[in-house]
Amino acid sequence: MQVNELINLPYTDGKHDCYGLVRQYYLKEYGIQLRNYARPIGFDHEGLDLIADNFRKEGFETLPTFSQHSLEKGDGILLRIAGGKAINHVGVYLGKGYFLHHLYGKLSEVSYFDPRWFARTIFVVRHPDIREANCKATKEVNLLDLLPPHLKERMGYGL
């Protein structure tokens with residue numbers, strides 16, 4: 001999947017918001033269809049933890065501890081931003097220090113997961129099927145196949 005098709009989308013509550021963007025990503029990248037839970041405006045200021053609860057209902061597991069270096073592609077990043085009392089923003093980790101997310105009133109984007117974002121992260125969630133798919137994709141790549149022809153020849157690979 002090309003992440004490019006998910007960036008620069010206009011914000012629309014309940015459809016093209018942060019959770020809606022993550023739903024699209026998981027469906028396109030992993031074939032996992034997340035239910036579209038109601039997200040009333042202002043839920044986070046009432047202290048409702050809708051986002052974390054919804055991810056648990058979808059089979060995601062909360063990582064007991066996490067660091068910027070322990071994140072894996074497809075991890076859900078659950079954040080509290082802009083003075084909310086509960087988790088009110090979600091993104092998905094793409095790897096190599098970047099995550100996909102959609103801030104209120106802005107275009108969807110890929111941002112570097114720097115200390116500013118890490119400080120706002122409350123939970124990281126991981127789905128067992130995603131981890132399995134990532135492992136399978138990694139195993140399917142034979143690193144020797146990625147060598148340039150002159151090195152393959154020198155090593156006697158593929159002759």
Side-chain angles (χ1 to χ4, degrees), residues 1-37 39 41-45 47-141 143 146:
M1 181 202 61
Q2 292 290 325
V3 172
N4 292 344
E5 62 192 72
L6 295 177
I7 58 174
N8 294 322
L9 300 174
Y11 188 93
T12 308
D13 272 324
K15 183 176 181 183
H16 292 293
D17 54 14
C18 61
Y19 182 70
L21 181 69
V22 169
R23 287 181 67 233
Q24 288 179 48
Y25 175 84
Y26 285 129
L27 181 61
K28 291 180 181 209
E29 183 69 12
Y30 296 105
I32 295 174
Q33 177 125 23
L34 303 179
R35 288 174 278 199
N36 191 13
Y37 297 96
R39 302 174 294 284
I41 294 173
F43 73 89
D44 58 313
H45 294 291
L48 299 174
D49 204 1
L50 297 179
I51 295 175
D53 290 345
N54 293 344
F55 273 97
R56 284 187 204 101
K57 289 176 189 173
E58 296 298 325
F60 284 78
E61 300 166 354
T62 302
L63 300 183
T65 60
F66 60 90
S67 70
Q68 287 174 283
H69 304 292
S70 67
L71 295 175
E72 296 180 9
K73 180 182 178 230
D75 283 348
I77 301 171
L78 283 56
L79 307 105
R80 183 171 44 228
I81 61 172
K85 294 180 182 176
I87 294 167
N88 59 1
H89 189 56
V90 62
V92 63
Y93 188 71
L94 301 174
K96 299 183 182 178
Y98 291 91
F99 77 113
L100 175 69
H101 66 119
H102 205 162
L103 290 168
Y104 179 79
K106 299 194 180 245
L107 298 176
S108 58
E109 65 182 346
V110 172
S111 296
Y112 186 68
F113 192 63
D114 61 22
R116 174 181 66 116
W117 289 111
F118 185 78
R120 292 173 170 87
T121 302
I122 306 302
F123 296 117
V124 172
V125 294
R126 186 174 289 160
H127 195 283
D129 294 347
I130 292 171
R131 182 165 221 196
E132 185 177 313
N134 287 343
C135 289
K136 183 178 178 186
T138 302
K139 288 178 186 173
E140 291 175 358
V141 175
L143 295 179
L146 302 176

Does some side-chain heavy atom of Leu94 sit less than 4.5 Å from a side-chain heavy atom of Tyr25?
yes
Tell me the closest heavy-atom pair linking Leu78 and Val125, and the distance in Å.
CD1-CG2, 3.7 Å
Exercise: identify the closest heavy-atom pair between Val110 and Val3:
CG2-CG1, 3.9 Å
Scan for salt bridge (Lys or Arg N to Asp or Glu O under 4.0 Å) pairs involving residues 75-84, sequence neighbours excluded, and state none if there are none.
Asp75-Arg126
Ring geometry between Tyr26 and Phe60 (parallel below 30°, tilted from 30 to 60°, perpendicular above 60°):
tilted
Taking every non-hydrogen atom, the tightest pair across His102 and His16:
CE1-O, 3.2 Å
Donor-acceptor pairs are to be reported for all side-chain atoms of residues 113-122 against protein atoms at under 3.5 Å, with residues two or more places apart or in another chain.
residue, atom, partner, partner atom, Å
Asp114, OD1, Arg116, N, 3.1
Asp114, OD1, Trp117, N, 3.2
Arg120, NH1, Arg116, O, 2.9
Thr121, OG1, Trp117, O, 3.0

Any sub-3.5 Å donor-acceptor pair from His127's side-chain atoms to Arg131's backbone N or O?
no
Aromatic contact, His89 with His101 (centres under 6.0 Å)
yes
Value for CD1 (Ile77) from OG (Ser111), rounded to nearest 0.5 Å, stands at 10.0 Å
Between Asn36 and Tyr19, a side-chain donor and acceptor under 3.5 Å
no
So CG of Asp17 and CG of Leu9: to nearest 0.5 Å the spacing works out to 11.5 Å
Nearest non-hydrogen partners of Ala133 and Tyr30, listed with the distance:
CB-CD2, 3.9 Å
From Tyr93 OH over to Gln68 CD, what is the distance, rounded to the nearest 0.5 angstrom?
8.5 Å
Heavy atoms of Gly59 and Pro128 approach each other most closely as O-CD, 3.4 Å
Mind listing the closest non-hydrogen atom pair of Lys15 and Gln24 along with its distance?
O-NE2, 4.5 Å
Any side-chain heavy-atom pair of Val90 and Phe55 under 4.5 Å:
yes
For Lys73, is there any backbone N or O sitting under 3.5 Å from a side-chain donor or acceptor partner on Asn134?
yes
Atom pair CG/CD1 of Leu100 and Ile7 - distance to nearest 0.5 Å:
8.0 Å
How long is the span from the CZ atom in Arg23 to the NZ atom in Lys28, to the nearest 0.5 Å?
12.0 Å
Separation between CG (Leu79) and SG (Cys18), nearest 0.5 Å, reads 9.0 Å
Would you call Ile32 and Glu58 a side-chain contact if the rule is heavy atoms closer than 4.5 Å?
no
